[in-house]
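First up is the structure itself, then whatever we jot down about it.
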Amino acid sequence: MPDPLELIPAAFERQKFAIARLISVFEDPRPAAADQRKRILETLQSSGRSRRGMFLGFTGTPGAGKSTLVGELANRLIDQNPDRCLAVLAVDPSSHVSGGSILGDRTRVRFSFGDDRLYFRSQASDQELGGISRTTFSVLRLLYHLFDVIIVETVGIGQSEIEIQQTADRVFLLLQPLAGDQIQFMKAGIMEIPDCFIINKSDEKEAAERTFHALRASLQLIRPGENRVPIFRTSALTGMGLQDVLDYLLDFLHQRVDGAALDASLYRREVYYFEKWVKDELGRQGLHMLSDLGGARELMDDAGGFDGAQKAVLRAVQDSRKELESRVSEVLR
Ligand SMILES: Nc1nc2c(ncn2[C@@H]2O[C@H](COP(=O)(O)OP(=O)(O)OP(=O)(O)O)[C@@H](O)[C@H]2O)c(=O)[nH]1
Ligand SMILES: [Mg+2]
């Protein structure tokens, strides 16, 4: 196995095997991988080639047309600018994924064949974490440097919306046309999260129209004073309304000029996810430990970032487990 650092030039050239191999380092739970990630990220950051991609979250009800729409938008985004490159990370419910390969007949994002400016990857979600995988954010930290736009597709089941809000620069919630009263059943908590709503399948004109008005009305109740939350009406099949979404995205993309601010915003997310990781791995005891050490940010700063801090915690856990084992066997002797 080559040193992953050697794969970086090929990853910048968008060679798929190199990107896939690097991603596997970012999905690897073993302590040694934390060290590799640290070195990879340091190399990417100092390369002067980081693309500082924006993260877009697309979530929504199963079958609303997320993959179809994401595929259409992705193709348009790269058609619009020959230098642009884009990755899609689709988080699939675990039942659909076996040993990393996709089973079943779920519609996949379809890209123009052979265009290396588009990269697709799927991940199995952790059931207990909602729609997102334990390593989604970890992989995004890598893709940030390699692509201009990174789209995360998740199945909306409540928790995933909350996670995606912590992760993405913009969150889109996809709905399909509903009967007017169904919309009232959407949980208010979920309605608070998205930056934009998309009523896809608006080729079903009447139902889409009703849904639009019902959504507008409930947003006025749930998010008063925010009466301009964008609601797009699209059809991923006919192309209707896609240009409006594209214009919105391009506008947002063009506002992103300050590299230092983008890096700082990624760092804030790293702090959030580091704390979450400690909680997942070590529970409440872990959180107590973090606060005794001055908090996640403090520990990360001392350890040279997210991966250094992860490595320090994993080492400490290994050591204390060994100590615990020997104490217990002493007691039993
Ligand atoms: N009529 C109509 N059908 C659509 C539209 N967009 C997608 N579909 C169809 O809806 C079905 C589901 O589309 P997907 O793109 O797989 O939906 P999804 O939200 O990614 O589904 P999951 O990932 O399984 O939750 C497919 O048969 C699509 O062809 C649309 O705008 N109009
Ligand atoms: Mg899908």
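Electrostatic pairing of R37 and D307 counts as a salt bridge here, judged by a charged N lying under 4.0 Å from a carboxylate O. Salt-bridge check for E323 with R327: passed, with a basic side-chain N closer than 4.0 Å to an acidic carboxylate O. The existence of a salt bridge linking E209 and R233 is confirmed by a sub-4.0 Å separation between a basic side-chain nitrogen and an acidic carboxylate oxygen.
Under the salt bridge (charged side-chain N to carboxylate O under 4.0 Å, His left out) criterion, D263 pairs with R52, not counting sequence neighbours. Under the rule for a salt bridge (charged side-chain N to carboxylate O under 4.0 Å, His left out), R321 has no partner lying at least two apart in sequence or in another chain. Partners of D195 under the side chain to side chain donor-acceptor pair (under 3.5 Å) rule, at least two apart in sequence or in another chain, do not exist in this structure. Partners of A217 according to the side-chain contact (heavy atoms from CB on, under 4.5 Å) rule, which considers only residues two or more places apart in sequence or in another chain, do not exist here. Listed by chain and number, the residues in a side-chain contact (heavy atoms from CB on, under 4.5 Å) with I8 are L5, F12, L22, I40, T43, L44 (sequence neighbours excluded). Under the side chain to side chain donor-acceptor pair (under 3.5 Å) criterion, D247 pairs with Q243, sequence neighbours left out.
Side-chain polar atoms of T154 and T59 form a donor-acceptor pair below 3.5 angstrom. Judged by distance alone, the side chains of T238 and S235 do bring a donor and an acceptor atom under 3.5 Å apart. Judged purely by distance below 3.5 Å, without hydrogens or angles, the side chains of Y273 and D280 never pair a donor atom with an acceptor atom. Side chains of Q123 and E27: a donor on one and an acceptor on the other come within 3.5 Å.
The two residues A168 and L56 come nearest to each other via the heavy atoms CB-C, 4.1 Å. What you find for A18 and A11 is that their closest heavy atoms are CB-N, 3.8 Å. The shortest heavy-atom contact between V171 and Q165 is CG2-CA, 4.0 Å. Taking both residues in full, the closest heavy atoms of F274 and Q310 are given as CE1-N, 3.7 Å, listed atom of the first, atom of the second, then distance.
No more than 12 heavy atoms of other residues, nucleotides or ligands shown are found within 6.0 angstrom of CD on E206. Within 6.0 Å of NZ on K16 lie more than 12 heavy atoms contributed by other residues, nucleotides or ligands. Within a 6.0 Å radius of CZ in R49, more than 12 heavy atoms belonging to other residues, nucleotides or ligands are found. Under a cut-off of 6.0 angstrom, the local environment of CD in Q176 is crowded, with over 12 non-hydrogen atoms contributed by other residues, nucleotides or ligands.
For R51 and Y144, the positive end is not near the middle of the six-membered ring at less than 6.0 Å and at most 45° from its axis. In this structure, R141 forms a cation-pi arrangement with F306, its terminal cationic atom sitting closer than 6.0 Å to the ring centre and no more than 45° off the ring axis.
Not less than 6.0 angstrom separates the ring centroid of F172 from the ring centroid of F232.
Under the 4.5 Å side-chain criterion, counting only non-hydrogen atoms from C-beta, L77 is in contact with R84. The side-chain heavy atoms of Q45 and S50, taken from C-beta on, include no pair separated by under 4.5 Å.
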